[in-house]
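Okay, so here's the structure we're looking at.
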Amino acid sequence: MFVDSHCHLAFPELAGDIDGVLARMAAARVGRALSVCTRLDEFEGIHTLAARDERIFASVGVHPDATGTEEPTVERLVALAARPRVIAIGETGLDYYRLPEPLEWQRDRFRVHIRAAREAGKPLIIHTRSASADTLRIMREERAGEAGGVMHCFTESLEVAQAAIDMGFFISFSGIVTFKNARELQAVARALPLDRLLIETDAPYLAPVPFRGRINEPALVLYVAHKLAELHETSVETIEARTNDSFMRCFNRLSA
Ligand SMILES: [Zn+2]
Ligand SMILES: [Zn+2]
């Protein structure tokens, strides 16, 4: 069984065909998926699906790129994180690629999520793009390591990955690692220890090779697993077992 550690089942590309998405997951032996929240007004829909289908888990958080939406407080995140099936806080983090400075509000929002994760005792899902130095700095300042979690859709350097691992984080690779022009990222994936790796789709975006440009979905996570198997010169069954185990450790679900 494979696990998609990060997808967006509430996005319209997937939300209109959830039964199809779940059926294709089953056919591909993708047994679990974490449906990640990007705005608080998305949360109830995500939570409802997770409550009705045991293969789906939920997170709660507000994406660093989300604007014109309810700003989360520590109290609100902690309260929603206490609901059943909510296994993580996020996605949160910093993204200096999409939006221009001043982004103090984005850094403040990131700090709120880290404080909520520590208080709730739930791991973080961290998004970082063109902002790795500030991401690591704020993680240290706010003691994100006490919550742990994952650096998702990882596209940064080996040094950044190692710094996150040193804080107890896992590193998750998406379909980007299958792209032909992703040689540097493939080298990072190859260099990291198998017991810290997760796989994800970030669906509906970033469909892996050979589906680039199409709508992505959790069933396609096995293409990421195949790429990691190739890079680590091991079997896909090994990647399947190791990333499944890492998912359980990362999200404190050893008994699930
Ligand atoms: Zn993200
Ligand atoms: Zn995402």
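Computed from a predicted structure; not experimentally measured. Atoms within each ligand, like the ligands themselves, are counted from 1 in listed order.
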Give every donor-acceptor pair under 3.5 Å between a side-chain atom in residues 218-225 and any protein atom, sequence neighbours left out.
none

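The distance cut-off of 2.8 Å around the Zn ion (ligand 1) captures these protein N, O or S atoms, sorted by chain and number: Glu91 OE1, His127 ND1, His152 NE2.
The N, O or S atom of His8 lying closest to the Zn ion (ligand 2) is NE2.
Remark: Arg111 engages Glu141, Glu142 in a salt bridge (charged side-chain N to carboxylate O under 4.0 Å, His left out) (not counting sequence neighbours). A search for salt bridge (charged side-chain N to carboxylate O under 4.0 Å, His left out) contacts involving Glu200 returns nothing, not counting sequence neighbours.
The 12-atom threshold is exceeded at CD of Glu44, counting heavy atoms of other residues, nucleotides or ligands nearer than 6.0 Å.
Side-chain heavy atoms closer than 4.5 Å link hydrophobic residues (I, L, V, M, F, W, Y) into clusters, and following such links, even through other members, never connects Val3 to Ile46.
Residues Glu104 and Pro102 are not in side-chain contact: their nearest non-hydrogen atoms beyond the backbone lie 4.5 Å or more apart.
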